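Please read the structure below before turning to the comments.
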Amino acid sequence: MCGIVAATARREVSEILLEGLRRLEYRGYDSAGMALIDAEHNLLLHKRLGKVAELEQAQAMTPHHGCSGIAHTRWATHGEPSAANAHPHLSGNRVAVVHNGIIENHESLREELKGQGYEFQSQTDTEVIVHLLHQQLEERVEFFQALKNTIARLDGAYAIAAIDAENPDRVVAARAGSPLVIGVGIGENFLASDQLALRQVTDRFIFLEEGDMVDMGATRLHVEDASGAVVERTMQRVSAAVETVDLGGYEHYMLKEIHEQPRALAETLGLEASHQVEDERFGAGAGAIFDQVKAVQIVACGTSYHAGLVARYWLEDLCGIPCDVEVASEFRYRARARREGTLLVTVSQSGETADTLAALRGQGEDEFIASLVIANVDHSSLVRESDLVFLTRAGAEIGVASTKAFTTQLVAFLMLAIALGRRHQLSEEATRELIDALHQLPDCVSRTLQLDADIKRLSEAFILKNHALFLGRGIQYPVALEGALKLKEISYIHAEAYPAGELKHGPLALVDAEMPVVAVAPGDELLEKLKSNLEEVRSRGGELFVFADDNAGMKGDSRVHVLGMPSCPAVIQPVVYTVALQLLAYHVAVQKGTDVDKPRNLAKSVTVE
Ligand code: AGP
């Protein structure tokens, strides 16, 4: 999604800005741009549709240099992907703005500004910001005050950074609803929407709070909060090494990340030393909070939401406590009945998903006893704003399709179920069995990865299909949901998942010889029921692709393809079967020739509503 990088220094910053954009590329974008103020106080601009490499090429052909600048990768919301709609946007050839988020009242502002003679060069909501700012500057309002007056006119969510040719040594910025972090250097200061973009130049960061405004020079930092009071935000040193995010010999990041799962799962588990789930894994004070938990409310989006759906089965079964799971964009906008002693659990790979963050921030007073986030990115907004934190150890996930983040989230949830369960109905013996099962997980996943060639063969049947159904029962139903999401997002095949028992209540009408039906069918207690559902498909000419272990006793024929899964403890089957479905989606997408790591229209981190 959109990314911001800005710098003001005593040295030339164009390469710092470009490197920052490169580091944000994995988030997904469609165009990129950079504006600099040169030594003669000219505002210089490069914008390109497409990759940062195109921008680099423009810079190589016509080098622009300057000590202050802003840069951006854009993921289209208002207006098609194009060079004209790419940021930075300029006004009066003196001021330039980059923006993440959405300005909701942009239409009325656009009309007002047009009435004042401003000509719009783009279809973006952002362009109103730069003209408003220009208008203030032309009225001789001081630069920082001009930004304050401008944002007072805006409704919506934003992170904004601006430069002005007549204030060449400054960058001003504001944050409301989209993340922004200051990178503190020696004789230079930086800004970015994600600290990762700046790890090349500093390890000292100030994470801005909602409503903060910044006025910075190379040796000067001034931050005001939403009320206009001058504030000193804490500087944090982020010392963890930046992971190398190369392909490591794999054809795609997604494939690499699928294969990294045994390691990621083992590191997330980290149980070697104690053979216990320590409350402290969830943060200081977790034990005292867990003692009070009588119910759990999980809120998340996309794949992370599916992790929550799997977790509900564990939390209710193992702990005997009620658990609700809801998509964040729905949760945040509805009136909710309270349940005493409820723990709010948000789940997010990025820790920056706008709807999930808004759900956390929008909780009612005393609605929950505490908030816990399961996240993969340290220092992210959800991590900083939650009471308790479980950090998954998936490592950087670059592919837009979430794989190792999902399976490590499941591990986190199973550990949460153990931690809460021993306060309720989980016996010591059952706890031991669960931990033993968790220890088997990396090996079961490794054995699933060895089925790669078989799954690839199976995938060939999907290449010419337009639709697919995924079926599961019980805890395998959310696994089917996740399998369908993976297939649709990277192969663009329309895929839907149903609880298998629902088939005859509607979706069975879709089944014919052209409809591949994928079934998640481990030999569990619902298998016999599932088999009847699969018969319903078979007798209507549907082609079945059944993922089943030996215990399931599934027999294949010309219309029933059985993929023999490794036998593993029932409780970890959702993780293991998910890995097989990830491989299925991957191979279908590769053979269809789609952009596997950056599927069309999608972004890695969804920081707008
Ligand atoms: C999954 O493959 C997705 N690309 C998407 O659904 C993702 O899980 C969702 O946007 C939530 O992201 P988060 O985990 O970073 O909050």
Side-chain angles (χ1 to χ4, degrees), residues 1-3 24 26-29 75 178-179 193-194 196 252-255 257-258 261 264 298-311 325-332 345-361 372-383 385-386 389-392 394-410 412-413 470 478-479 481-492 495 497 578-579 581-586 589 594-609:
M1 199 143 266
C2 298
L24 297 180
Y26 75 95
R27 296 160 67 111
Y29 67 102
W75 185 83
S178 290
S193 47
D194 183 334
L196 264 184
H252 296 100
Y253 283 109
M254 183 182 177
L255 187 62
E257 287 157 7
I258 289 173
Q261 289 178 107
I298 300 171
V299 181
C301 303
T303 287
S304 297
Y305 166 69
H306 293 159
L309 290 178
V310 174
V325 191
E326 193 162 357
V327 164
S329 55
E330 291 298 317
F331 176 86
R332 60 184 286 198
V345 181
T346 58
V347 196
S348 175
Q349 187 286 132
S350 62
E352 298 293 354
T353 299
D355 283 317
T356 312
L357 195 53
L360 173 71
R361 289 178 181 159
L372 160 69
V373 64
I374 295 173
N376 192 41
V377 179
D378 202 1
H379 303 288
S380 56
S381 299
L382 278 163
V383 167
E385 295 182 30
S386 298
V389 176
F390 184 103
L391 275 180
T392 51
E397 191 179 68
I398 306 296
V400 164
S402 191
T403 52
K404 58 180 181 169
F406 176 74
T407 50
T408 53
Q409 286 166 354
L410 293 186
F413 269 124
F470 283 66
V479 173
L481 280 169
E482 176 58 10
L485 177 62
K486 286 288 90 81
L487 186 67
K488 73 182 119 184
E489 72 179 323
I490 60 168
S491 76
Y492 315 150
T578 295
V579 173
L581 297 183
Q582 292 167 351
L583 285 171
L584 176 69
Y586 172 77
T594 59
D595 189 347
V596 174
D597 286 331
K598 295 194 183 94
R600 68 185 181 200
N601 307 338
L602 299 181
K604 183 65 188 163
S605 180
V606 183
T607 49
V608 292
E609 186 176 352

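These numbers were taken from a predicted model, which means no experiment stands behind them. Because only heavy atoms are used, hydrogens play no part in the values below, and waters and symmetry mates are left out as well, while side chains stay in. Whatever order the structure lists ligands and atoms in, that order sets their numbers, starting from 1.
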| query | Any donor and acceptor pair, going by atom type alone, linking the side chain of N376 with main-chain N or O of A396 inside 3.5 Å? | reply | no
| request: Just need the protein heavy atom nearest to atom 2 (O) of ligand 1, so name the residue and atom and give the distance. | output: E489 OE2, 2.4 Å
| field | Result of checking I398, T403, I258 against Y253 for side-chain contact (heavy atoms from CB on, under 4.5 Å) | value | I398
| said: Is it true that T407 and Q261 share a donor-acceptor pair across their side chains at a distance under 3.5 Å? | reply: yes
| request: Identify whether the distance between the nearest side-chain nitrogen and carboxylate oxygen of R361 and E385 falls below 4.0 Å. | output: yes
| query | Considering only heavy atoms of K486, which atoms of ligand 1 have at least one such atom less than 4.0 Å away? | reply | 1 (C), 2 (O)
| field | Atoms of ligand 1, numbered as shown, that sit under 4.0 Å from any heavy atom of S348 | value | 13 (P), 14 (O), 15 (O), 16 (O)
| Between CZ on residue R600 and CG on residue D595, distance to nearest 0.5 Å | 11.0 Å
| What is the closest protein heavy atom to atom 9 (C) of ligand 1, and at what distance does it sit? | C301 O, 3.7 Å
| query | Short list, please: which atoms of ligand 1 are under 4.0 Å from a heavy atom of S304? | reply | 8 (O), 13 (P), 14 (O)
| Nearest neighbour of atom 15 (O) of ligand 1 from the list A328, S350, A300, on a heavy-atom basis | S350
| said: Out of all atoms in ligand 1, which are within 4.0 Å of some heavy atom of S402? Include the element for each. | reply: 1 (C), 2 (O)
| query | Tell me: protein heavy atom nearest atom 1 (C) of ligand 1, and distance? | reply | T303 OG1, 3.0 Å
| request: May I ask you to decide if S402's main-chain N or O and K486's side chain share a donor-acceptor pair within less than 3.5 Å? | output: yes
| request: Between E352 and ligand 1, find which residue part has any heavy-atom pair under 4.0 Å and reply side chain, backbone, both or neither. | output: neither
| To the nearest 0.5 Å, how far apart are CZ in F331 and OG1 in T356? | 10.5 Å
| said: Tell me if a side-chain donor or acceptor on E397 pairs with a main-chain N or O of A405 at a distance below 3.5 Å. | reply: yes
| message | We want to know whether Q349 and S304 form a side-chain donor-acceptor pair, criterion being a heavy-atom distance below 3.5 angstrom. | response | no
| remark: Ranked by distance from atom 10 (O) of ligand 1, the top protein heavy atom is V606 CG2, 3.9 Å
| query | Considering distance alone, does some N or O of V400 sit under 3.5 Å from an N or O of ligand 1? | reply | yes
| request: Please work out which of V347, T353, V377 has its closest non-hydrogen atom nearest to atom 12 (O) of ligand 1. | output: T353
| said: I need the atoms of ligand 1 closer than 4.0 Å to a non-hydrogen atom of A401, numbered in the order shown. | reply: 2 (O)
